[in-house]
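We use all heavy atoms of the structure for the numbers below, so side chains are in, but hydrogens, waters and symmetry mates are not.
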Amino acid sequence: MKQFAWDYKDEVKPLKPYWNMCVGSCHGTTALRQDYREQLEKCQRELGFRYVRFHGLFDDDMSVLTRPMMGAKDEWVVSFTNVDSVFDFLLSINMKPFVEIGFMPEALKSKETTIFHYKGNTSRPASYERWDWLIRLFAEHLTERYGLGEVRQWFFEVWNEPNLGGPDSPFGFWADTMEEYFNLYSHTARALKAVDERLKVGGPATSNNSWIPEFLEYCKKTGTPVDFVSTHHYPTDVVLGYGVEDSQNFMTPEEGESVEDFLERRKEQHKRLWEKVDRGVLTQMTQKAVKEAGGLPVYYTEWNSGAGIASDGPFGSSFILKTIMDSVDLAEGYSYWTFSDIFEEGGMPYKPFHGGFGLLNLQGIPKASYRAFQLLNKLGDERYVRAGAQGTVDVYGVRKNACQAVQFLAVNHHSLLHEIREEEIEIRLTGAAPVKAAVERLDEAHGNALACWQGMGEPDYPDRAQLALLEAASYTKEETMEIKDGTITLTLPPMGAALITMYL
């Protein structure tokens, strides 16, 4: 049995809910869908997300900048109608946009390079003069429609993962060099600041914490404004080398290698990736990025376990809980990618559970990952500085002064393809006299709609009765538990978590 002990008077610090500052979503056009809006409103109401970030704001399916079908070559039509619809909706549900500026409108493209099913153009602008004009017009429209007092609370992030790709790559988000991205950033930041110098702009929006020192050095040398650092990470980045050293290696076939052979090689590599992924690797990455940011606030605008179908069950929830609790007081905001499986980067999925990024599945059924965020939001506002860690078990202590309670979040987690087993734990609190204890579990048998779906034969298109069963299986509940002399004992299954509350 693993034993953990705290004294009520042990040192505490404020616990800031940085995990619900922002959440990601699929590209901008999906925000015009009714089911998307219903699911996002549910997430805001139940999980408290304050901002949302998505790709494709300037893609042609948003009709921001187009050419008339019968117009002259240099004739332009600008429309913010769809943008307004999305932003109006966000404000109506007490959310704000974390504005990702991209991708390139077809009318301004310099290359034919695209990404994803929806063909976001990944090239630099053919004319920076026209780009600057568009950004100024966009910022002017926002400040006129919503007011400076509102828009100054937003964030403007330039592009998405420009370190993935390169001028000779058939894949990736940026069909150019690092230096050219810095040029794009400079033009964009200066155009925004020309409208109002207090609009918040940042980057480099890279994968795997990349380019932060180079980006900040460029901004310093050129006097380019930067208000925050943004980047992304996924646990397998460290194995694949996304954004490390020469990031084009990730997105470019080897010399003489066909695209088909390249994709097959990457597929085989993915099968054993997790053997090389350290437990708690994202916290290590965050510590490094915060140090490199040199005092600027850091926002992770994408993170996820990215573990396929395992992410839809207890592995996904335990990964979230450990990562969040280990990384407190590092980043200013942590934006989970994404809130919903309404997500069509590779085309719209059809299976209710398929390892999608979302906290909610296509039909709005909460996954175990969704319930993990609910557990986090039940925590009090002071955390014990000292956490407990033994083997694969971590225990985090929190004071919930609003109801005179002490909470312990226990997590039994390891990376995939690593040994993990059921654990018996004991938690003891001294210096106070708990009168009652309760536990809320999240594991294979609790809050796991994935297991329910698998048990019913994995239907591709569940009927109403099946959806009702999946919804019911997704819930967790608080149960009373025995406590004696401030001590409780508990069994934690592999990848299981439990929130224990001791009422004083």
Side-chain angles (χ1 to χ4, degrees), residues 24 161 164 171 206-210 231-245 247 249-251 262-289 300 302-327 334 336-338 341 343 345-346 349 351 353-359 367-372 389-394 410-423 442-444 448 450-451 453-454 492-497:
E161 298 187 350
L164 298 187
F171 307 105
T206 43
S207 75
N208 199 18
N209 318 281
S210 300
T231 189
H232 307 159
H233 58 195
Y234 295 80
T236 54
D237 288 354
V238 293
V239 184
L240 289 169
Y242 291 12
V244 178
E245 296 176 357
S247 65
N249 290 338
F250 156 59
M251 287 294 190
F262 165 73
L263 294 175
E264 184 62 29
R265 176 166 59 87
R266 302 306 292 188
K267 182 179 179 180
E268 288 301 312
Q269 286 177 331
H270 273 74
K271 292 180 180 179
R272 310 305 302 180
L273 280 179
W274 282 89
E275 290 180 345
K276 300 179 180 179
V277 176
D278 291 340
R279 182 173 175 270
V281 67
L282 293 194
T283 301
Q284 300 168 27
M285 294 181 183
T286 305
Q287 291 167 340
K288 179 174 181 289
Y300 274 90
E302 282 188 30
W303 75 283
N304 191 298
S305 66
I309 195 68
S311 296
D312 289 350
F315 171 80
S317 54
S318 60
F319 174 86
I320 288 169
L321 293 170
K322 175 172 173 56
T323 299
I324 289 295
M325 295 306 295
D326 284 351
S327 303
Y334 218 39
Y336 190 81
W337 187 257
T338 58
D341 279 351
F343 190 83
E345 289 184 353
K351 286 183 176 292
F353 296 93
H354 55 276
F357 289 116
L359 297 171
K367 302 180 186 179
S369 53
Y370 187 96
R371 300 307 183 195
Q390 295 184 42
T392 61
V393 177
D394 295 277
V411 185
N412 186 17
H413 175 81
H414 208 333
S415 292
L416 295 176
L417 306 183
H418 289 70
E419 184 178 351
I420 186 171
R421 63 187 182 188
E422 180 179 280
E423 298 285 359
L442 183 55
D443 51 41
E444 188 67 27
N448 187 10
L450 171 64
W453 175 71
Q454 291 170 332
L492 276 181
M495 306 301 181

Can you see which heavy atom on [X] is nearest to which on [Y], and at what distance?
{"X": "Leu442", "Y": "Ala368", "value": "CD2-O, 3.7 Å"}
{"X": "Gly496", "Y": "Asp443", "value": "CA-CB, 3.8 Å"}
{"X": "Ala410", "Y": "Leu492", "value": "CB-CD1, 3.8 Å"}
{"X": "Ser415", "Y": "Trp274", "value": "CB-CE3, 3.8 Å"}
{"X": "Ser369", "Y": "Ile320", "value": "CB-CD1, 3.4 Å"}
{"X": "Pro235", "Y": "Leu282", "value": "N-CD2, 3.6 Å"}

Charged N-O contact under 4.0 Å between Arg279 and Asp394
yes
Hey, is Glu423 close enough to Arg421 for a salt bridge, meaning N to O under 4.0 Å?
yes
Hey, mind stepping through Leu450 and Lys367 against side chain to side chain contact (heavy atoms under 4.5 Å, CB included) and telling me if it holds?
CA-CA 7 Å; Leu450 171 64; Lys367 302 180 186 179; over 6 Å; no
Would you say the ring centers of Trp303 and Tyr234 fall short of 6.0 Å from each other?
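No; Tyr234 has its ring centre 6.0 Å or more from that of Trp303.
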What is the distance from atom [atom1] of [X] to atom [atom2] of [Y], rounded to the nearest 0.5 Å?
{"X": "Asp237", "Y": "Ser210", "atom1": "CG", "atom2": "OG", "result": "8.0 Å"}
{"X": "Lys351", "Y": "Asp312", "atom1": "NZ", "atom2": "CG", "result": "12.0 Å"}
{"X": "Asp278", "Y": "Met285", "atom1": "CG", "atom2": "CE", "result": "9.5 Å"}
{"X": "Asp326", "Y": "Gln287", "atom1": "CG", "atom2": "CD", "result": "9.0 Å"}
{"X": "Tyr334", "Y": "Ser327", "atom1": "OH", "atom2": "OG", "result": "5.0 Å"}
{"X": "Phe353", "Y": "Ser311", "atom1": "CZ", "atom2": "OG", "result": "13.0 Å"}

Any donor and acceptor pair, going by atom type alone, linking the side chain of [X] with main-chain N or O of [Y] inside 3.5 Å?
{"X": "Asn304", "Y": "Trp337", "value": "yes"}
{"X": "Thr231", "Y": "Thr206", "value": "yes"}
{"X": "Asn448", "Y": "Gly313", "value": "no"}
{"X": "Arg371", "Y": "Ser317", "value": "no"}

Quick one: are Asn209 and Lys288 in side-chain contact, heavy atoms under 4.5 Å?
no
Does the side chain of His354 come within less than 4.5 Å of Asp341's, by heavy atoms?
yes
ring-ring contact (aromatic ring centres under 6.0 Å, His included) partners for His418, two or more places apart:
His414
In terms of relative ring orientation, are His233 and Tyr300 parallel, tilted or perpendicular, with 30° and 60° separating the classes?
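Ring orientation of His233 relative to Tyr300: parallel.
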Take Phe315 and His413 through the side chain to side chain contact (heavy atoms under 4.5 Å, CB included) test and state the conclusion after the steps.
CA-CA 7 Å; Phe315 171 80; His413 175 81; 3.3 Å; yes
